[in-house]
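Letters A, B, ... are given to chains in the order of the sequence lines, protein chains preceding strands, and every chain is numbered from 1.
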Amino acid sequence: MQEANGAHTNFIWEIIRQDLDAGRCSQVHTRLPPEPNGWLHIGHAKNIYVNAGAALAFGGLLNLRFDDTNPTKEEQAFVDGIQNDIRWLGYEWNGGLFFGSSYFPQCYELAEKLILGGKAYVCDLPQEEMRQMRGTLTAPGQNSPYRDRSVEENLDLFRRMRAGEFANGARVLRAKIDMASPNINMRDPALYRILHLSHHQTGDAWCIYPMYDFAHPIQDAIEGITHSMCSLEYEDHRPLYNWVIEACEFPNHPRQIEYARLNLTRTIMSKRYLRKLVEEGYVAGWDDPRMPTLAGMRRRGYTPEAIRDFVERAGVAKADSVVELALLEHCVREHLGTVAARAMVVLRPLKVTLTNWPEGQTDTLTLENHPDHPEMGERQVAFGKQLYIEQEDFLIDPPKKFFRLFPGGEVRLKGAYIIRCDEVIQDADGNPVELKCTVDLSRKSGSEGAARKVKGTLHWVSAADAVPFEARLYEPLLNDEAAVEEDAEGAENTAIDKKDFIARLNPESLTTVQGFLEPSLAQA
RNA sequence: UGGGGUGUCGCCAAGCGGUAAGGCACGGGACUUUGACUCCCGCAUUCGUAGGUUCGAAUCCUGCCACCCCAGCCA
């Protein structure tokens, strides 16, 4: 990983460095707080990079903490999958593994402490009325009629909430802050809600669950987190985060720093829509290679190194942005170019018959697995009278700078011979279906004569030995440039209609062609 | 119309009063048994905008404009 003073740094690490220099903290301690309600995608890779990277850059600690305060949406299966993906990406939680739910007892104690201090109260307002009394963006809210209950009554009610005496939604514990605050998050936000639901970690031990705004700062403070990085939409929550830390009288004060989340062109990054793709069968699953999930990218052959490099190069800042897919692809190509063994594959085959090659003869050629890494070895590839080349590598009527094959033209077959196209056999529509070529037997690859220059080199596969396969051409799922904005994940949110979303799907994203693999790839 | 943010090359992004880094993309050239890779070269007299301060501003001040986020008992 990078040193903090290395080539890559960002505004967050600058802030941390200043905190270190000023003595506001001695060891950096960050946390990764995924909610176990889905699969990790490329956007999460940035969050991992920012939080884990900060710890790495300053020799600090990273905690992995599942933010599981809402049993409605969370599952054990996701906590396993998430750990797997984080490890695959190449990160370890050297500070330990935690669950937000294991702090439920402390959260509860702190809630009582707030009640005792007159800083929280139990509110009986139904959700709808509470919403109305909250005011609007421009109009201040109204105090709840339950706001001035006595400490004794609040304590009694809260304990009875915990004891399970009330139904879901009947009451809520609220922070007593300021209903007229211009920041809506400070208008007596809910701290605890009643949810008679069993939790994947705590079972039926609780029927009240703390809200994110209450639980998160507590978790950070208890774990001794020094810097808590999250995305921009939490900026408005920072005053509340700080309020909780102070109201609970923690001696340490973790610092929340926000940055812009990652958006990618032509890529859906909203769990809501990713789920729709899976559930409605547009893709085979969360790990479908077209999915922007880490699992999908893994199946697609993307490497962790390439993804980390990409996230780092995309940068960390506060301006909303949409990074071009081209950068990701560049990073993947760059890394794969250095580590991947070469092999030949023909996706859309065009038959080539070598008229002067002895009938029935098959030669075995030796090709290097990597042009720059001899230590990666060589492989044997069959060469015969009948070959397949890529359809797009041949043109009957080539433009001026066409370097590949055309009638009368010559081309080199990678690692083999130079051939000349003598005749084109076309179908009724004029499409080439087979080429009759002569091979220059005196100029086999590697021999003296091979030094002769020809304009192009093509990959190929022996027709008799190649392994047929059905190739799916995976393309980004979206047609247009923009990323689909993350929408509220509310259960009944129908803001973007389904037709609109489907219309944006890229029809090229799942084209099937009948291709041929080099035999060495058959088992892969 | 309230509050919180952000605006620097097609896309990201440095810059923090001293006269516009870098990457991707793109264009040109060299090299090449993958037109890949690699390698050179080019690519913002200008920093949302209008003023002001200053010897000097993307950086300070003022006004305006644009975009994003916030009214969950989601995170």
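Nucleic acid contact for L191(A): none, since no nucleic acid atom lies under 4.0 Å from a heavy atom of the residue. Using a 4.0 Å heavy-atom criterion, one finds that Y234(A) contacts the bases of the nucleic acid, with or without backbone contacts as well. Across all strands, H237(A) comes closer than 4.0 Å to base atoms (heavy-atom distances). Residue-level contact check: R187(A) touches neither bases nor backbone, having no heavy atom under 4.0 Å from any strand. Among the heavy atoms of the strands lying under 4.0 Å from H330(A) are primed sugar atoms or P, OP1, OP2 only; no base atom is included. Note on G337(A): nothing from the nucleic acid sits closer than 4.0 angstrom, heavy atoms only. At the heavy-atom level, P371(A) lies nowhere under 4.0 Å from the strands shown. Among the atoms of the strands shown, only primed sugar atoms or phosphate atoms (P, OP1, OP2) are found under 4.0 Å from some heavy atom of D67(A). Using a 4.0 Å heavy-atom distance criterion, T69(A) is classed as a sugar-phosphate-only contact. Heavy atoms of F402(A) sit under 4.0 angstrom from at least one base atom. Within the 4.0 angstrom heavy-atom criterion, no nucleotide atom of any strand lies near V454(A). Within the nucleic acid shown, Q127(A) comes within 4.0 Å of at least one base atom, counting heavy atoms only.
Minimum atom distance to the side chain of K414(A) is reached by U33(B), of the listed U33(B), A71(B), A75(B). Of the candidate nucleotides C73(B), G35(B), C70(B), C73(B) has the atom lying nearest to any side-chain atom of M130(A). If you check A75(B), A71(B), U34(B) against the side chain of T136(A), the one that comes closest is A71(B). Checking C73(B), C70(B), A25(B) against every side-chain atom of R333(A), the shortest atom distance belongs to A25(B). The T138(A) side chain lies nearest to U1(B) when the options are G35(B), U33(B), U1(B). Of the candidates A75(B), A14(B), A71(B), the closest approach to any side-chain atom of Y212(A) belongs to A75(B). The side chain of A326(A) lies closest to A25(B) when the candidates are G72(B), A75(B), A25(B). Here the nucleotide nearest the side chain of D236(A), chosen from C69(B), G2(B), G5(B), is C69(B). Comparing A71(B), C74(B), C69(B) by their nearest atom to the side chain of M211(A) picks out C74(B).
Between the C1' atoms of G35(B) and G7(B), the separation comes to 40 Å (whole Å). For the P atom pair drawn from A57(B) and C16(B), the interatomic distance equals 15 Å after rounding to whole Å. On the C1' atoms, G15(B) is 8 Å away from A21(B), given to the nearest whole Å. A distance of about 22 Å separates the C1' atoms of A13(B) and U49(B), rounded to the whole Å. Annotation: G18(B) and C60(B) have their C1' atoms spaced 14 Å apart (nearest Å).
When the side-chain nitrogen and oxygen atoms of R131(A) are compared with OP1 and OP2 of G72(B), one or more of them lie within a distance under 4.0 Å. Taking 4.0 angstrom as the limit, R193(A) places a side-chain polar atom (N or O) nearer than this to OP1 or OP2 of C74(B). Within the 4.0 Å cut-off from OP1 or OP2 of G72(B), at least one side-chain nitrogen or oxygen of R134(A) is found.
Computed from coordinates, the D309(A) CG to C12(B) C1' distance equals 14 Å when rounded to whole Å. Rounded to whole Å, atom P of G35(B) lies 12 Å from atom CD of E392(A). Between M179(A) atom CE and A71(B) atom C1' there is a gap of 10 Å when expressed in whole angstrom units. The nearest whole Å value for the distance from the CG atom in D372(A) to the P atom in C39(B) is 12 Å. Distance, N168(A) CG to C74(B) C1': 15 Å, rounded to whole Å. Rounding to whole angstrom units, CZ of residue F406(A) and C1' of G35(B) are separated by 14 Å. Rounded to a whole Å, the CD1 atom of I184(A) is 13 Å from the C1' atom of U1(B).
Classification of G72(B) as syn follows from a glycosidic angle within 90° of 0.
Separation of the H335(A) and Y302(A) ring centroids does not fall under the 6.0 Å cut-off. Under the 6.0 Å cut-off for aromatic ring centres, Y234(A) and Y212(A) qualify, their centroids lying closer than that. Annotation: Y108(A) is in aromatic contact with F158(A) [ring centroid separation under 6.0 Å]. Taking the six-membered ring wherever Trp is involved, the centroid distance between the rings of Y417(A) and W357(A) falls below 6.0 Å. For W206(A) and Y103(A), the ring centers are positioned 6.0 Å apart or more.
For M133(A), the side chain to side chain contact (heavy atoms under 4.5 Å, CB included) partners are L125(A), Q142(A), P145(A), not counting sequence neighbours. Under the rule for a side chain to side chain contact (heavy atoms under 4.5 Å, CB included), the partners of R255(A) that lie at least two apart in sequence or sit in another chain are I15(A), D19(A), R24(A), H227(A), I257(A).
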Under 3.5 Å, N/O pairs linking protein and nucleotides 8-11 of chain B:
residue	atom	partner	partner atom	Å
G10(B)	N2	E324(A)	OE1	3.1
C11(B)	O4'	E324(A)	OE2	3.0
C11(B)	O3'	V322(A)	O	3.2
C11(B)	O2'	V322(A)	O	2.9
C11(B)	O2'	E324(A)	N	3.4

